[in-house]
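In what follows, a structure is listed as structure tokens, so that the remarks can point back to it.
Below, chains carry the letters A, B, ... as their sequence lines are ordered, and counting in each starts from 1. The basis for the numbers below is simple: all heavy atoms, side chains too, and nothing from hydrogens, waters or symmetry mates.
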Amino acid sequence: MPELPEVQTILDALTPLILNREIQSVTPLWPPVIDRPERVLFQQWLQGRRVIETKRRGKYMLFRLDDDRWLILHLRMTGKMRVVNASEPLRPHDRLIFHFSDGDDWRFEDQRKFGRAYLVEDPAEIVGKLGPEPLSDTFDANYLARILARRTAAIKSLLLDQRIVAGIGNIYADESLFLARIHPLRPGSSLTQDEIAALVAAIKTILAQALTEMGTTLRDYRRPDGSTGSFQNSLQVFRRTGEPCPSCGAPIQRIVVAGRSTHFCPREQPLHG
DNA sequence: AAGAGACCCTGGATGC
DNA sequence: TGCATCCAGGGTCTCT
């Protein structure tokens with residue numbers, strides 16, 4: 001569900017709610033949510049710890065503990081987080097609870113059970129293979145051109161590959177390709193220098209705007225206080241199949257690329273020419 | 001190595 | 001109404 005802007009928005013709201021509070025115990029309501037270490041060790045390592053710093057890397061949330069280990073969470077498609085008093089009733093899809101010693105709970109909720117929690121000494125074990133942050137200076141046209149030169153796969157699927165660039169998902173891939181006027185099925189190596197530069201600029205523009213708008217709420221995504229983002233009002237093509245292109249009026253088309261729904265304007269983003 | 005597809009899950013929407 | 005099918009902001013694994 002959440003991509004870079006949603007993860008950042010959630011983390012920004014969550015950080016002041018959890019920082020420096022002592023974790024007294026951990027309840028895994030659905031134990032497979034814990035990826036590593038094994039459940040008992042996960043619980044032992046967290047007992048008595050405090051989160052002293054939070055960071056985002058791609059779509060991962062990183063929480064540095066006061067013993068220098070790192071708790072890492074990935075929300076995948078339907079993960080949500082909230083902080084409530086322990087007396088609040090559980091919700092049906094609550095999967096993991098961090099109990100603070102002052103009586104509040106930090107709860108991780110995840111309908112589809114794809115989300116995962118990790119506890120590691122070196123975060124590189126989890127996030128080490130990720131590509132650059134799309135909003136950083138290391139993600140530029142030269143970098144992307146070097147990668148794309150040897151890749152024949154559709155540009156859409158390459159944008160979803162977190163080893164190439166970290167944090168872009170289905171929404172922002174489609175929106176960025178539309179803004180750059182590039183057909184999602186174009187082979188990576190077929191993009192010109194100008195197109196690559198336009199694509200990099202489009203990705204940065206779209207993600208920055210989505211951050212300002214606190215993300216895109218289509219169904220599941222909520223900020224920790226339950227409120228929604230607003231970038232769904234700015235979507236040009238995503239999930240607008242059959243609606244007129246905001247630029248030329250041609251009907252938006254939907255195809256499947258890399259197993260994911262893909263939306264584009266066939267006139268503004270031609271495959272040839 | 002790179003690319004395509006299956007798979008992991010649940011539940012809402014849609015079609016017959 | 002009931003049942004079947006499709007669909008979903010993600011990532012990993014296997015096979016070729």
Side-chain angles (χ1 to χ4, degrees), chain A residues 1-11 29-36 56-61 72-81 91-96 108-118 125-131 134 146-177 184-190 203 206-207 209-211 213-223 228-235 237-242 254-263:
Chain A
M1 126 200 157
E3 309 180 32
L4 185 154
E6 291 77 26
V7 175
Q8 186 69 57
T9 300
I10 290 169
L11 189 58
L29 296 166
W30 185 72
V33 69
I34 300 169
D35 181 281
R36 70 190 70 175
R56 179 196 54 74
R57 183 74 175 91
K59 301 170 194 169
Y60 291 84
M61 293 187 233
I72 301 181
L73 297 176
H74 197 301
L75 302 174
R76 295 286 181 94
M77 297 286 268
T78 50
K80 299 179 189 62
M81 295 208 274
R91 291 186 189 168
H93 307 301
D94 283 336
R95 307 298 183 197
L96 183 63
F108 175 59
E109 179 183 14
D110 181 25
Q111 178 201 118
R112 289 177 72 183
K113 300 180 174 175
F114 287 164
R116 289 295 181 270
Y118 314 81
E125 188 181 329
I126 306 300
V127 300
K129 288 181 179 169
L130 294 177
R146 266 203 321 278
I147 301 278
L148 295 186
R150 303 168 172 278
R151 306 296 292 264
T152 59
I155 185 64
K156 165 75 183 272
S157 52
L158 296 173
L159 289 182
L160 295 178
D161 185 341
Q162 303 299 298
R163 294 167 301 186
I164 294 176
V165 56
I168 299 174
N170 212 29
I171 295 178
Y172 301 115
D174 281 6
E175 292 297 312
S176 299
L177 286 167
L185 284 178
R186 289 275 303 282
S189 59
S190 78
I203 288 168
I206 293 286
L207 291 178
Q209 189 192 344
L211 274 168
E213 307 252 3
M214 311 260 217
T216 303
T217 300
L218 295 174
R219 161 181 251 95
D220 296 302
Y221 162 67
R222 288 288 186 288
R223 290 147 64 194
T228 67
S230 60
F231 193 74
Q232 62 274 14
N233 302 318
S234 301
L235 296 176
V237 292
F238 191 78
R239 289 209 201 163
R240 302 191 59 176
T241 311
R254 176 187 178 274
I255 58 176
V256 174
V257 181
R260 317 295 303 278
S261 273
T262 299
H263 315 76

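Remark: the backbone N or O of A:R260 is paired with a side-chain donor or acceptor of A:T262 at under 3.5 angstrom. Using a distance-only test at 3.5 Å, with no hydrogens or angles considered, no donor-acceptor pair links the side chain of A:R254 to the main chain of A:R240. Within the 3.5 Å criterion, the main-chain N or O of A:G58 finds a donor-acceptor partner in the side chain of A:R56. One N or O on the side chain of A:E6 and one on the backbone of A:T216 form a donor-acceptor pair closer than 3.5 Å.
Checked against a 6.0 Å centroid threshold, the rings of A:F238 and A:F231 do not count as neighbours.
In this structure, A:Y60 reaches the sugar-phosphate backbone alone: every heavy-atom distance under 4.0 Å involves primed, P, OP1 or OP2 atoms, never a base. Nucleic acid contact class of A:Y172 (heavy atoms, under 4.0 Å, all strands): none.
Spacing between atom CG of A:L4 and atom P of C:dG10 amounts to 12 Å, rounded to whole angstrom units. Rounding to whole angstrom units, CZ of residue A:F238 and P of C:dA8 are separated by 7 Å. Going from atom CZ of A:R36 over to atom C1' of C:dG11 covers 13 Å, rounded to whole Å. Remark: C1' of B:dA2 and CZ of A:R150 are 12 Å apart, rounded to the nearest angstrom. Between A:L73 atom CG and C:dG11 atom C1' there is a gap of 16 Å when expressed in whole angstrom units. Distance A:R260 CZ to B:dG3 P: 18 Å, rounded to the nearest Å. For A:L75 and C:dG10, the CG to P distance is 12 Å, given to the nearest whole Å.
Shown for residues 154-170 of chain A: residues whose heavy atoms fall under 4.0 angstrom of DNA chain C, namely A:Q162, A:G169, A:N170.
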### Letter per nucleotide, 5' to 3', of nucleotides 6-13 of chain B [B base touched, S only sugar-phosphate touched, - untouched; heavy atoms, 4.0 Å]
--BBBSSS
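In terms of the side-chain contact (heavy atoms from CB on, under 4.5 Å) criterion, residue partners of A:R239 (sequence neighbours excluded) are, by chain and number, A:L218, A:H263. The side chain to side chain donor-acceptor pair (under 3.5 Å) test applied to A:S189 returns no partner, not counting sequence neighbours. Residues forming a side chain to side chain donor-acceptor pair (under 3.5 Å) with A:T241 (at least two apart in sequence, or on another chain): none.
If you check the side chains of A:E3 and A:Y221, you find no donor sitting under 3.5 Å from an acceptor.
A 4.5 Å side-chain heavy-atom check between A:H74 and A:R76 finds at least one atom pair inside the cut-off.
Regarding contacts with the backbone of C:dG11, a side-chain N or O of A:H74 is found under 4.0 angstrom from either OP1 or OP2. In terms of phosphate contacts, A:T152 brings a side-chain nitrogen or oxygen within less than 4.0 Å of OP1 or OP2 of B:dG3.
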### Summary
Read 5' to 3' with Watson-Crick or G-U pairs under 3.5 Å, [ ] for crossing pairs and | for partners on another strand, DNA chain B gives .|||||||.|||||||
### Task
Show your working on side-chain contact (heavy atoms from CB on, under 4.5 Å) between A:R57 and A:I126 and close with a plain yes or no.
CA-CA 10 Å; A:R57 183 74 175 91; A:I126 306 300; over 6 Å; no
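When each of A:R219, A:K113, A:R112 is checked for a side chain to side chain contact (heavy atoms under 4.5 Å, CB included) with A:T78, only A:R112 meets the rule.
Nucleotides C:dC3 and B:dC9 place their P atoms 25 Å apart, quoted to the nearest Å.
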